[in-house]
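Whatever order the structure lists them in is the order used to number ligands and atoms, beginning at 1.
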Amino acid sequence: MSKMPSKKSLATRSVRAGLESDAQHGSVVPPIYLSSNFAFEGYKQPRKYDYTRSGNPTRDQLSGTLADLEGGAGAVVTCTGLSAITLILATLPAGAHVVAPYDCYGGTYRLLAALHAKGVLRVDFIDQCDPAALRDSLAGGDTKLVWIETPSNPLLRVVDIRLVTQAARAAGALSVVDNTFLSPLWQQPLSLGADMALHSTTKYLNGHSDVVGGAVVAADAEMHRTLAWWANAIGVTGAPFDSFLTLRGIRTLHARMRVHAENTAAIVELLTRHPAVRAVHYPGLKDNPGHETARRQQSSFGAMLSFELAGGESAVSALLDGLECFTLAESLGGVESLIAHPASMTHAGMEEEARVRAGIGAGLLRVSVGIEDPADLVADLSAGLERAATAQPAPHLRRRVS
Ligand SMILES: Cc1ncc(COP(=O)(O)O)c(C=O)c1O
């Protein structure tokens, strides 16, 4: 058993995740169990573990840590964030009604939309900040699940978790919050009324862009048992090596998050005063519509932001071409700074009409702020903004005059 003291702060608990749990040799860092199977002690005498898809000591150490950090009864660790999403959907009855945000992560949207098109689920994509839309979508009385993602990807819209989970519960539906953008250190959905918290552990939890993984943390033990049963049945449980690395990442989560937040403040400050930028989407800004809700339910405004360039697509390519400290790549939450163009990258899986409805235009860029020296990040982005300000429309973007 881990000697983790349960009443310490989240920071201490994340640093000490899994430490001193090796009863055999007393290794400080826990050993890794890569074995796919475990010997029975004898005829009809299985041990705690028999087969790694069903259960594995290293994966259990990660799930125990995640349940502890999110304040849940138990967690199921999966092989990707999307398989964690699939797992939750697998527990629903056929044809179930699901309410989801119209601006959720593109992969979540693609999966829900495809299952809706096949008749497996009935999904309403709504603006969950609009009380009337939420009321109308729950009015049928047969909703099984309300999907929440806050802050949303890529526009950082903040949904009031307490309000939406209360409405879901009153309508007899379960609720889940995709907590990927903040990690349990900065937001704890279960304490705000959610039945489940979901993570792409690929992002901040692992934090080093070298693992793809996911997890669902359940508020109650019955839900956890159901999720664990389905995870084994459909075969989406996470690999031991990935679990080991993710646990290692969690031990520096607290320190990384502090630097992510400091660097983000410097970048937001640059973006808000630069004439090449038409809008900055960041809940830490006082005039952001989600600012007050974020202050209430988050302990940091986060390290993700997006911004719109006044010059549209040609400004986008001018800014991106020549960046040295930001990698043009999908994903987020690693130590390295990343920049992405949601319309052509992370959200390309959405139909154009849905993208436009969600406000994801061609001039939008999303940044995952890393932990490099903030002066280097600001200088690099500043130079990019200057290029964007003076960019001419590329020939294929110029309006034709006939
Ligand atoms: C908010 C959010 N949820 C879920 C996922 C899916 O996670 P994964 O890529 O680990 O499958 C992502 C991926 O970018 C994401 O950004």
Nearest non-hydrogen protein atom, [atom]:
atom                    : answer
atom 15 (C) of ligand 1 : Tyr105 CG, 3.6 Å
atom 16 (O) of ligand 1 : Asn153 ND2, 3.2 Å
atom 14 (O) of ligand 1 : Lys203 NZ, 2.9 Å
atom 8 (P) of ligand 1  : Gly81 N, 3.4 Å
atom 3 (N) of ligand 1  : Asp178 OD2, 2.7 Å

Does a side-chain N-to-carboxylate-O contact under 4.0 Å join Asp160 and Arg296?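 Yes, charged N to carboxylate O under 4.0 Å.
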Any Lys/Arg nitrogen of Asp142 or Arg122 sitting under 4.0 Å from an Asp/Glu carboxylate oxygen of the other? yes
Would you kindly say whether His341 and Glu313 are connected by a side-chain donor-acceptor distance under 3.5 Å?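 No - no donor-acceptor pair under 3.5 Å links their side chains.
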May I ask you to check whether over 12 heavy atoms, not counting those of Arg248, lie within 6.0 Å of atom CZ? no
Checking contacts here: is it the side chain or the backbone of Leu82 that comes within 4.0 Å of ligand 1, counting heavy atoms only? Could be both or neither. both
Proximity of Glu330 to ligand 1 by residue part, where a heavy atom lies under 4.0 Å: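 Within the 4.0 Å criterion, Glu330 makes no contact with ligand 1.
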Among Val367, Leu377, Val369, side chain to side chain contact (heavy atoms under 4.5 Å, CB included) partner for Thr264: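 Testing each of Val367, Leu377, Val369 against Thr264, the sole residue satisfying side chain to side chain contact (heavy atoms under 4.5 Å, CB included) is Val369.
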If hydrogens are left out, which of Asn179, Thr202, Thr78 has an atom nearest to atom 10 (O) of ligand 1, that is, the closest non-hydrogen atom?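 Comparing heavy atoms across Asn179, Thr202, Thr78, the nearest one to atom 10 (O) of ligand 1 lies in Thr202.
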Near Gly213, which atoms of ligand 1 are under 4.0 Å from a heavy atom of that residue? 10 (O)
Using modelled atom types and a 3.5 Å cut-off, is there a donor and acceptor pairing between side-chain atoms of Arg59 and backbone atoms of Thr52?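 Checking the backbone N and O of Thr52 against the side chain of Arg59, a donor-acceptor pair under 3.5 Å is found.
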Is there a polar contact between ligand 1 and Ser331, counting only N or O atoms under 3.5 Å apart?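 No, no N or O pair falls under 3.5 Å.
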Close side-chain approach of Trp147 to Val99, heavy-atom, < 4.5 Å: no
